[in-house]
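All remarks here apply to the structure that follows.
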Number of protein chains: 4
Amino acid sequence: MSEKSSKRHIDPALAEARREQVLTAASDCFRRKGYHGAGMAEISKMAGMSAGHIYNYFASKEAIIEAIIENGMEEMFSTFQQFEDHPEDLVTAMLSGTDNGVARKLDKDYGAMQLEMLAEAARNQKVACLLQRSDTQAREKMREVLTSERSLIKDMTDKELDGRINVIFSLFSGLLLRRALYPELQKDTILIALKPALKTLLLPFEQGCG
Amino acid sequence: MSEKSSKRHIDPALAEARREQVLTAASDCFRRKGYHGAGMAEISKMAGMSAGHIYNYFASKEAIIEAIIENGMEEMFSTFQQFEDHPEDLVTAMLSGTDNGVARKLDKDYGAMQLEMLAEAARNQKVACLLQRSDTQAREKMREVLTSERSLIKDMTDKELDGRINVIFSLFSGLLLRRALYPELQKDTILIALKPALKTLLLPFEQGCG
Amino acid sequence: MSEKSSKRHIDPALAEARREQVLTAASDCFRRKGYHGAGMAEISKMAGMSAGHIYNYFASKEAIIEAIIENGMEEMFSTFQQFEDHPEDLVTAMLSGTDNGVARKLDKDYGAMQLEMLAEAARNQKVACLLQRSDTQAREKMREVLTSERSLIKDMTDKELDGRINVIFSLFSGLLLRRALYPELQKDTILIALKPALKTLLLPFEQGCG
Amino acid sequence: MSEKSSKRHIDPALAEARREQVLTAASDCFRRKGYHGAGMAEISKMAGMSAGHIYNYFASKEAIIEAIIENGMEEMFSTFQQFEDHPEDLVTAMLSGTDNGVARKLDKDYGAMQLEMLAEAARNQKVACLLQRSDTQAREKMREVLTSERSLIKDMTDKELDGRINVIFSLFSGLLLRRALYPELQKDTILIALKPALKTLLLPFEQGCG
DNA sequence: GATGAATGAGCTTTCATTCAT
DNA sequence: GATGAATGAAAGCTCATTCAT
């Protein structure tokens, strides 16, 4: 659970700065070489400190990727935050938010790191749990949005709601793989088809799609 | 780089059989343990030959996974093959094929290996090329289907077509990540929302979606 | 329990020879540097093989010292074997056997290795168990000798017998420490006092010692 | 080699107090974890000062154990001190003192540390010298006792005296090893046989032992 | 063709020690 | 005097790869 080494530091600001150095360096290394391919030696060199010293801030290499994931979780939630802030109707809000979402998924570095973590999750229970926890929270936030007063599909069965949410998430996270498999693909090309699909998923199915 | 050892074999048929033994064994090991988790010792035991002997057929461990990807390309995108075989109308065909597609994406070991390959593509040019080539072929096959006579959207701009195809692919491949992030998710829950979304993507957008 | 790596070897004679090489080298290193002070690199160099290769014969560094102990146990039993082989009366037999026993305890290398193992036993449960098992077997062998027909103290209480055996063992094993603390001490000087003490411990106490 | 750091201290009394803090803490740690098992971090925490600061008082970790041995010498062999203080006859005095001696030798932590030092002596000349010097002093003290007027064996050859002293020491120090090899052994069981053996060693051999 | 013994570079991690503050 | 951040040289161990047979 606790990704931090239990060592006490006299200057917490310095310690936090050092932790950030390590996380930044490690993210970069993992992205380029993968979790298993990146060695502590390389990470330490890039972080500008000795390998041994890293262990004053992180208990293990595994603790480093866990911290990276936890950092990433907060960022993910900001995506959903904007839906609540918008006073407009939900479909419009979500569609306008989509632009940013697509751009992020198609970013090479962001995507590589996400894929690396997902692949690691298949073999590493701890990593899997962190990612699943994060995903569950994101789905719950989404459920709140979709069942709020202004939602047009607020009176759905739980199961249908679950299906819709997961397909929406699938749609977005699948873009990660598009980037890997078709790097030249442009955001606006995607949006041509993504917006109608999303609209379908945010409105009652019967409505006009017979 | 080259996935085959350049060694000449006196009995090419035997050599090919041996290569198959190795690929079969390695696929199984990689699926269960991951690329990094599976060792040559384990692969060689399962392939029924010595570890050293494998190097008469493959230049390296990396060459093995490259060969697996190459072999696996057809299967990987065979989901779309069946669309051509069906004489019915396209939407129906695709929806009926969806069942199998979803099931496969939700299989744990299959998904883990796919993710591992995709993550590897982010840092291994050879792997990336193989996967991209495979994806390109699949998209072209899809394009043929969607522009065939029986398609309802055969008169689209290339760009819109490209967008639709990529979003459809996104939708399916995103399920890989759903499996990793939400293992309890059931196929039928997904289908509730997946089918309407797919229908939207296979019909003209104006038609009934305001 | 099993001190051997589970790896199968096609030529057991070669494997056994390699194991011996390692055990000989490791004994020497442990003697000179101690268990913690001797590194696998040094052992492997002295054994004439790579460090990695040692792990084909022993599962860990700990397994090596365990094997050394187990080898030493057999040797220890040969000391007691001679008591049974002698047709003479017990006191004479044991006294004559004492010469060898003293000589061995005073041997520098033998003693250093024994001490190293005993010190390790204080922190390492596995090592402690092996040594204790060995000691228990030795005490039981001794008990058989002392309660055999020709023994003059065969009708003792168990407790007194236990006391005598342990004091005899103490007397001999204490010589290990004499060697460390007083290296110039000669065997014949020891024997002057050791033999009468031993005689006391092998005869009824009342007999003439009032 | 030199157990003290050569650093000059402005307040020698404070420096000495700090040295004692370190030695007390280190003794405790070594006793519980062994020389190799105890780290400077742990010692420094227990000593109430920073790890780095210890190096103002001791040149190295090794210097600490050397100082401990030097400090501990008197206590280590104080068993024999009491013989001089007793006004009674020697055999009685020694036998009564035996109780304490046995108890101490059978104490687990005390014994573990003694063994560790003795093992260390086999490879560390400085440690060996300190221990040998201490042992020599103890043997000389013993020699004085055994050649005092009240001793029954005061007219012995030097060689026989040396033999007797060393066997007596062997007998006691061998108990250290008994504790390691047979932890359940009780003090009273030992004493049953230890006392007669000791008596033999403190009286002329001819007297009643035929 | 086939083996598996053997290598050696690499891994993560630990810890005695140094030194700027 | 005193700190603890920082170092760096090990440590034990793994494993893809090579090669004599």
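Side-chain atoms are counted along with the backbone in the values below, which use heavy atoms only and exclude waters and symmetry mates. Residue numbering restarts at 1 for every chain, and letters A, B, ... go by the order of the sequence lines. Keep in mind the model is a prediction, meaning the values are calculated, not measured.
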Nucleotide [N], atom [atom2] - distance to [atom1] of [X] in whole Å:
X     : N      : atom1 : atom2 : value
C:D11 : E:dA5  : CG    : C1'   : 10 Å
B:I10 : E:dA2  : CD1   : C1'   : 12 Å
A:I43 : E:dT13 : CD1   : C1'   : 13 Å
A:E42 : E:dT13 : CD    : C1'   : 18 Å
C:K45 : E:dG8  : NZ    : P     : 12 Å
B:E62 : F:dT17 : CD    : C1'   : 14 Å
A:F58 : E:dT12 : CZ    : P     : 15 Å

Quick tally for nucleotides 6-12 of chain F: nucleotides whose base has a protein heavy atom under 4.0 Å get B, sugar-phosphate-only ones S, the rest -, giving BBB---S
Just jot down the side chain to side chain donor-acceptor pair (under 3.5 Å) partners of B:R18, sequence neighbours excluded, or say none.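 Side chain to side chain donor-acceptor pair (under 3.5 Å) list for B:R18, sorted by chain: B:Q21.
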Pairs touching residues 34-46 of chain D that satisfy side-chain hydrogen bond (donor to acceptor under 3.5 Å, both in side chains), sequence neighbours left out: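 Sorted pair list: D:K33-D:E42.
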Checking side-chain contact (heavy atoms from CB on, under 4.5 Å) for the pair C:I54/C:M49: CA distance, chi angles, key distance, verdict? CA-CA 7 Å; C:I54 291 181; C:M49 75 185 70; 4.0 Å; yes
Of all residues at least two apart in sequence or in a different chain, which pass the side chain to side chain contact (heavy atoms under 4.5 Å, CB included) check with [X]?
X      : answer
B:A26  : B:F30, B:I43, B:I64, B:I68
C:A128 : C:A121, C:Q125, C:Q132
C:N124 : C:E62, C:E120, C:K126, C:V127

Under the rule of Watson-Crick or G-U wobble with both distances under 3.5 Å, where | means paired to another strand and [ ] a crossing pair, DNA chain F maps to .||||||||||||||||||||
Tell me the salt bridge (charged side-chain N to carboxylate O under 4.0 Å, His left out) pairs involving residues 110-119 of chain B, sequence neighbours left out?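 Sorted result for residues 110-119 of chain B: A:R123-B:E116.
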Set of residues satisfying salt bridge (Lys or Arg N to Asp or Glu O under 4.0 Å) with respect to B:D28, sequence neighbours excluded: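 Applying salt bridge (Lys or Arg N to Asp or Glu O under 4.0 Å) to B:D28 gives B:R32.
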